[in-house]
Amino acid sequence: MSDAHPGTGDLARLTALIREFSVERDWVQFHDPKSLVLALVGEVGELAELVQWLPADSAAEHFADPDRHRRAGEEIADVLVYLLRLADVLGVDVLQATLDKQAEARRRFPVDSVRGIAPHRD
């Protein structure tokens with residue numbers, strides 16, 4: 001992996017756009033970490049509802065339908081908005097935290113020892 005991170009600017013611009021949206025509406029007062037986490041959980045719940053009763057082996061095919069695909073996109077976007085807003089409020093660099101987490105996961109789960117095996121906690 002190179003040191004240049006494609007999308008770094010895009011992620012920063014998206015975070016700034018979401019922050020600006022909140023500031024313009026005077027909603028920053030409501031964006032404490034607890035409230036943002038609860039809003040995020042709510043949006044993840046709405047996303048989960050879209051797949052809740054689908055058979056796992058055909059769930060992806062279900063979203064080939066344009067309306068279902070659109071709804072999934074809307075819910076995923078809602079999750080991302082609250083996640084980025086939370087990271088912004090907490091001062092977390094989402095890109096760097098994700099890169100660090102991936103590096104740690106690559107170390108913890110070497111391909112040769114976990115390929116095709118679901119990870120579990122000890």
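Keep in mind the model is a prediction, meaning the values are calculated, not measured.
- For the side chain to side chain contact (heavy atoms under 4.5 Å, CB included) with Val89, the qualifying choice from Leu36, Val28, Asp32 is Leu36, the only one to do so.
- Asp26 and Gln29 get closest at one heavy-atom pair: O-NE2, 2.9 Å.
- Phe21 and Ile18 sit in two unconnected hydrophobic clusters of ILVMFWY residues. Membership requires side-chain heavy atoms under 4.5 Å apart, directly or through other members.
- Within a 6.0 Å sphere centred on CZ of Arg25, other residues, nucleotides and ligands contribute more than 12 heavy atoms.
- For the pair Thr15 and Val94, the minimum side-chain heavy-atom distance is 4.5 Å or more.
- At a threshold of 4.5 Å between side-chain heavy atoms, the hydrophobic network of Ile, Leu, Val, Met, Phe, Trp and Tyr places Leu38 and Tyr82 in two separate groups.
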Item checked: salt bridge (charged side-chain N to carboxylate O under 4.0 Å, His left out) evaluation trace for Glu104 with Lys101 -> CA-CA 5 Å; Glu104 174 64 12; Lys101 189 72 173 178; over 6 Å; no
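- Distance CD/Glu75 to CZ/Arg70: 10.0 Å, rounded to 0.5 Å.
- Counting non-hydrogen atoms of neighbouring residues, nucleotides and ligands closer than 6.0 angstrom, the NE2 atom of His62 exceeds 12 such neighbours.
- Note: the hydrophobic cluster containing Leu90 also contains Val41 (ILVMFWY, side chain heavy atoms under 4.5 Å, direct or indirect links).
- Minimum interatomic distance between Ala97 and Val92 (heavy atoms only, all atoms of both residues): CB-CG1, 4.2 Å.
- For the pair Leu84 and Leu14, the minimum side-chain heavy-atom distance is below 4.5 Å.
- In this structure, the separation between CZ on Arg71 and CD1 on Ile76 is 11.0 Å, given to the nearest 0.5 Å.
- When side chains are defined from C-beta on, Phe63 counts as touching Leu50, because their heavy atoms get closer than 4.5 Å.
- To the nearest 0.5 Å, the span separating CG on Asp88 from CG on Leu83 amounts to 11.5 Å.
- Both Leu54 and Leu47 are part of a single hydrophobic cluster, where members link through side-chain heavy atoms under 4.5 Å apart.
- In the hydrophobic cluster analysis, where Ile, Leu, Val, Met, Phe, Trp and Tyr join through side-chain heavy atoms closer than 4.5 angstrom, Val81 is grouped together with Leu11.
- With hydrogens and angles disregarded, no donor-acceptor distance shorter than 3.5 Å links the side chain of Ser113 to the backbone of Phe109.
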